[in-house]
Amino acid sequence: MSDHAADAWEIAEAYERYVGRWSRPVASKFLQWLPPGGAGAAWCDVGCGTGALAHAVLVAAEPARVVGVEPSEGFAAAARTAVDDPRFEVRPGTAAALPAGDGEFDHVVSGLVLNFLPDPLEGLAEMRRVTRSGGTIGGYVWDYAEGMEMIRAFWDAAVDLDETARDLDEGVRFPLCRPGPLHDLLASAGLTGVRIESLEVPTVFADFDDFWAPFLGGQGPAPGYCLSLPAGRRAELRAALDARLRRDGAGRIALTARSWAFHGSVPG
């Protein structure tokens, strides 16, 4: 989804350990916040990944059907397994060329994807094309600049040790993950009634190994950078993070993850 080689999103199990486990509660909160669309609607989940948002739609929105679009075969297979519902199907494709007809859906949503698109405005234009007049386009992105604390802690420690790591830091690379630029993008895409809201979920790690191990899975910019390091420098980064993170009385690392949710309407 990006021209950065470290932005690999292919191995579902590693993704789940990294941020997939936190995407499920965010998806649920997003569906509670999104204006109700009525039962029996057709939904599309762009970049459905392992199926967290599609599952939330099926549980909360009483849709007639949900179509997930996903370029990664590994993620698509995981979504089909995780979301065992006859109303759900996954189509191979990308946000730049959605495999759907004009106005096919009442609601098009996308979770944790928009900032990774090579051309977010092009992606939104495609989402608008496959959404009926008066339909809803919505989604959410991690607040990489401040509110996604596990990733923020990683990059702050990495940059202290290696200034060049800043080039991969999502908080630097993705200005879209802030409410102002996100609102401007949606308005530029021609959506009306645009709303932006922060959604926050707890991310509690049992111990430091629970926090650190997902960064060894190679899924996304931070784990990709971590695996690229020689063993000695990786150990140095591990020690720096271990010293930086605070524990509670039970040894847990209690952080939070904030995302910026958005929605707007296709003019009718």
Taking the side chain as every heavy atom from C-beta outward, state whether [X] and [Y] have any pair of such atoms under 4.5 Å apart.
| X | Y | value |
| --- | --- | --- |
| R195 | P35 | no |
| L114 | L185 | yes |
| Y140 | L112 | yes |
| C177 | E170 | no |
| L176 | V141 | no |

How long is the gap from [atom1] on [X] to [atom2] on [Y], to the nearest 0.5 Å?
| X | Y | atom1 | atom2 | value |
| --- | --- | --- | --- | --- |
| E104 | R132 | CD | CZ | 13.5 Å |
| D160 | E236 | CG | CD | 10.5 Å |
| D184 | R178 | CG | CZ | 13.0 Å |
| R244 | L237 | CZ | CG | 9.5 Å |
| C44 | E126 | SG | CD | 10.0 Å |
| M148 | T203 | CE | OG1 | 6.5 Å |

Same cluster for [X] and [Y] if Ile/Leu/Val/Met/Phe/Trp/Tyr side chains link at under 4.5 Å?
| X | Y | result |
| --- | --- | --- |
| L161 | Y225 | yes |
| W33 | L53 | yes |
| V159 | I151 | no |
| I196 | M127 | yes |
| V194 | V46 | yes |

Hey, is [atom1] on [X] packed in by over 12 heavy atoms from elsewhere, all under 6.0 Å?
| X | atom1 | value |
| --- | --- | --- |
| D84 | CG | no |
| R252 | CZ | no |
| H107 | NE2 | yes |

Closest approach of [X] to [Y] (non-hydrogen atoms, all atoms of both residues):
| X | Y | answer |
| --- | --- | --- |
| P214 | R21 | CG-NH2, 3.6 Å |
| E149 | T256 | OE1-N, 3.0 Å |
| I137 | L191 | CD1-CD2, 3.8 Å |
| W155 | A165 | CZ3-O, 3.6 Å |
| D45 | C48 | OD2-CB, 3.3 Å |
| A79 | G49 | CB-O, 3.4 Å |

Identify every side-chain donor-acceptor pair in residues 24-32 under 3.5 Å, counting partners at least two apart or on other chains, and give the distances.
{"from": "R24", "atom 1": "NH1", "to": "E16", "atom 2": "OE1", "distance (Å)": "2.4"}
{"from": "S28", "atom 1": "OG", "to": "Q32", "atom 2": "NE2", "distance (Å)": "3.4"}
{"from": "K29", "atom 1": "NZ", "to": "E200", "atom 2": "O", "distance (Å)": "2.7"}

Would the distance check show the side chain of [X] and the main-chain N or O of [Y] forming a donor-acceptor pair, the cut-off being under 3.5 Å?
| X | Y | result |
| --- | --- | --- |
| R80 | V90 | yes |
| E89 | V67 | no |
| D106 | A42 | yes |
| R173 | N115 | no |
| S110 | G139 | no |
| R234 | C226 | yes |

Please work out whether the ring planes of F205 and W22 are parallel, tilted or perpendicular, with thresholds of 30° and 60°.
perpendicular
In chain order, what residues pass the side-chain hydrogen bond (donor to acceptor under 3.5 Å, both in side chains) check against D207, with sequence neighbours excluded?
none
Give the table of side-chain donor-acceptor pairs shorter than 3.5 Å for residues 116-124, with sequence neighbours excluded, one pair per line with atom names and distance.
{"from": "D119", "atom 1": "OD1", "to": "L121", "atom 2": "N", "distance (Å)": "3.2"}
{"from": "D119", "atom 1": "OD1", "to": "E122", "atom 2": "N", "distance (Å)": "3.1"}

Can you name the side chain to side chain contact (heavy atoms under 4.5 Å, CB included) partners of D242, sequence neighbours left out?
F208, R238, R247
From the list Y18, F211, F215, Y144, ring pair (Phe, Tyr, Trp, His ring centres under 6.0 Å) partner of F154 resolves to F215
Output a table of donor-acceptor pairs, distance under 3.5 Å, between side-chain atoms of residues 258-268 and any protein atom two or more places apart or on a different chain; print 'none' if there are none.
{"from": "R258", "atom 1": "NE", "to": "D143", "atom 2": "OD2", "distance (Å)": "2.8"}
{"from": "R258", "atom 1": "NH2", "to": "D143", "atom 2": "OD2", "distance (Å)": "2.6"}

Which atom pairs, donor and acceptor, lie under 3.5 Å between side-chain atoms of residues 57-64 and protein residues at least two apart or in another chain?
none

Aromatic centroids of F174 and W142 separated by under 6.0 Å
no
